[in-house]
Amino acid sequence: MKSSTSLHERWIAWRNAMIGSPRFQRFAARSPFMRPVARRRARALFDLVAGFTYSQALAACIETRLLDYLSDTPRRAADLASKIDLPVEATERLLRAAAGLGFVERLDDRWALGSEGAALLGNPGIAEMVAHHRLLYADLADPLALLRRGGGGGALSAHWHYAEASGTGDAAAVAPYSALMAASQPMVAAQALAAYQFDRHARVLDIGGGEGAFLSAVAQAVPELQRGLFDLPAVGERARTRLGAGVTIHGGDFLRDALPTGYDLITLIRVLHDHDDAPAMTLLRAIRAALPPGGALLIAEPMAETTGARGVGSYFELYLLAMGSGRPRSMAEVRDMLAMAGFGRIRPLRTHLPLVASAIIAQA
């Protein structure tokens, strides 16, 4: 093991010396065989440097509803300017910036919705995430200050009123974050439903289910499955209004209160990574105690170190730090935590889009 590690370290040192050498970079740029690689690497580095500008151009498109105005027909810049409340020159600049990212495309003297813009409009949860990124970017304006501060979160944590609303019954306090989660949940729900056969169960309990967006998707896919939701009382009231009588609502704090029993499947959809290790283990042990023999726990959320999902860990490391709680975990880490909580037959599930969510199932 020691010689293998030493060999790996030598390989890393040699590789980095070559890639960082200006002489090698010039050679790669001139070589017909290495030029494509050099160009891809240069583009990747540029995207990293320019990423914040890309995000802000996207934010401007969403805040002005520029893409919505192009969804039905191409329009001239002057027509768009009157709709998005910008001068014509500024509108044209925004359009050119958006075109560079594929959100719009030029069509003669008009502008049409681009392929990336169409994909964005087809995923409203992404737009909701971008809209609230203003708070995240305020925290990331000084990333070292955020890192040095550590726990407690930043401005973004004020958007997460769950803890404060625990015993208040204040539905308005949890409304912004609940609405954001409800809008972005369908993307993750689709991955979980495609990865696992829910029809093998009779009753499912979604813990931390917010307004019930995931259970709504379950009802469409497996209408015969009885459904229950456990969340803070204030959040549960919002779910009751949204879901009606088809779901049993259980109000409580899953880190303090006993979980309801009688469900042979429990789901955690984008919940575990919101919590630090100690409360996450408390939750997993409580779920293990609530499940009957042979019952199952399904976890679906973005996970670190996932093939095909480069950048997920980097994003959520800082996002959850700004939120003030949680961290992205790898599949191996989640597996170890499930084993410590007393689960068996733990296995990962293949999802179509690991960038959106990975999934793992464990049996009680």
Side-chain angles (χ1 to χ4, degrees), residues 181-182 185-232 235-236 239-240 242-255 257-275 280-303 329 331 334-335 337-352 356-364:
M181 291 298 100
Q185 194 78 304
M187 296 183 294
V188 180
Q191 300 305 307
L193 287 167
Y196 186 68
Q197 291 181 287
F198 282 71
D199 58 3
R200 66 181 63 178
H201 296 280
R203 303 187 70 205
V204 58
L205 175 69
D206 190 30
I207 294 182
E211 296 184 12
F214 176 68
L215 288 180
S216 294
V218 170
Q220 293 181 7
V222 192
E224 67 275 13
L225 189 60
Q226 297 182 45
R227 294 165 292 144
L229 183 147
F230 187 96
D231 212 318
L232 296 172
V235 183
R240 195 184 310 276
R242 175 188 177 117
L243 299 174
V247 176
T248 303
I249 304 298
H250 305 274
D253 184 338
F254 56 62
L255 295 179
D257 302 323
L259 299 179
T261 58
Y263 295 90
D264 61 334
L265 174 64
I266 291 179
T267 54
L268 291 178
I269 309 299
R270 260 189 343 192
V271 170
L272 196 68
H273 73 347
D274 282 344
H275 297 278
M281 283 303 306
T282 297
L283 173 58
L284 292 178
R285 290 190 175 106
I287 292 172
R288 176 64 182 83
L291 280 169
L297 167 63
L298 173 67
I299 299 172
E301 63 187 25
M303 295 187 189
R329 298 179 178 90
M331 182 71 73
V334 175
R335 184 196 295 269
M337 293 174 71
L338 288 166
M340 289 174 59
F343 286 91
R345 295 185 62 185
I346 304 165
R347 59 186 177 90
L349 300 173
R350 185 184 299 275
T351 58
H352 297 315
V356 173
S358 297
I360 187 170
I361 190 78
Q363 194 166 23

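- For the pair Ile207/Tyr263, no side-chain contact is recorded, criterion being any heavy-atom separation below 4.5 Å from C-beta on.
- Expressed to the nearest 0.5 Å, how far CG of Leu259 lies from CG of Leu283 amounts to 7.0 Å.
- When all heavy atoms of Pro260 and Ala290 are compared, the pair lying nearest together is O-CB, 3.8 Å.
- In this structure, the side chain of Gln363 does not engage the main chain of Gly344 through any donor-acceptor pair within 3.5 Å.
- Applying the side-chain contact (heavy atoms from CB on, under 4.5 Å) criterion to Arg200, with sequence neighbours excluded, gives Tyr196, Gln197, Arg347.
- In this structure Ala280 satisfies the side-chain contact (heavy atoms from CB on, under 4.5 Å) test together with Leu272, His275, Arg329, Met337, sequence neighbours excluded.
- With hydrogens and angles disregarded, a donor-acceptor distance shorter than 3.5 Å links the side chain of Gln191 to the backbone of His352.
- Ile287 CD1 to Thr282 OG1: the interatomic distance, rounded to the nearest 0.5 Å, is 11.0 Å.
- The salt bridge (Lys or Arg N to Asp or Glu O under 4.0 Å) test applied to Arg288 returns no partner, not counting sequence neighbours.
- Nearest approach of Ile346 to Ala339, heavy atoms of both residues: CD1-N, 3.6 Å.
- Closest approach of Ala362 to Leu338, counting heavy atoms only: CB-CD1, 4.0 Å.
- Looking at every heavy atom in both residues, Pro348 comes nearest to Arg335 through CD-NH2, 3.3 Å.
- Residues meeting the side-chain contact (heavy atoms from CB on, under 4.5 Å) test with Pro302, sequence neighbours left out: Arg270, His273, Val312, Phe316.
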- Message: Quick one, Leu298 with Val204, criterion side chain to side chain contact (heavy atoms under 4.5 Å, CB included). Give me CA distance, side-chain angles, the key distance, then yes/no.
- Response: CA-CA 10 Å; Leu298 173 67; Val204 58; over 6 Å; no

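- In terms of the side-chain hydrogen bond (donor to acceptor under 3.5 Å, both in side chains) criterion, Thr351 has no residue partners (sequence neighbours excluded).
- The shortest non-hydrogen separation linking Val188 to Ala357 is CG1-CB, 3.8 Å.
- Here the side chains of Leu284 and Leu297 are in contact, with some heavy-atom distance below 4.5 Å.
- Nearest heavy atoms, Phe343 versus Leu291: CE2-CD1, 3.8 Å.
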With a cut-off of 3.5 Å and sequence neighbours excluded, list every side-chain donor-acceptor pair involving residues 212-230.
residue, atom, partner, partner atom, Å
Ser216, OG, Gly212, O, 3.0
Arg227, NH1, Leu215, O, 3.4
Arg227, NH2, Gly246, O, 3.3

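- Looking only at distances, no side-chain donor or acceptor of Asp264 sits under 3.5 Å from a matching main-chain atom of His201.
- A 4.5 Å side-chain heavy-atom check between Asp257 and His250 finds every atom pair outside the cut-off.
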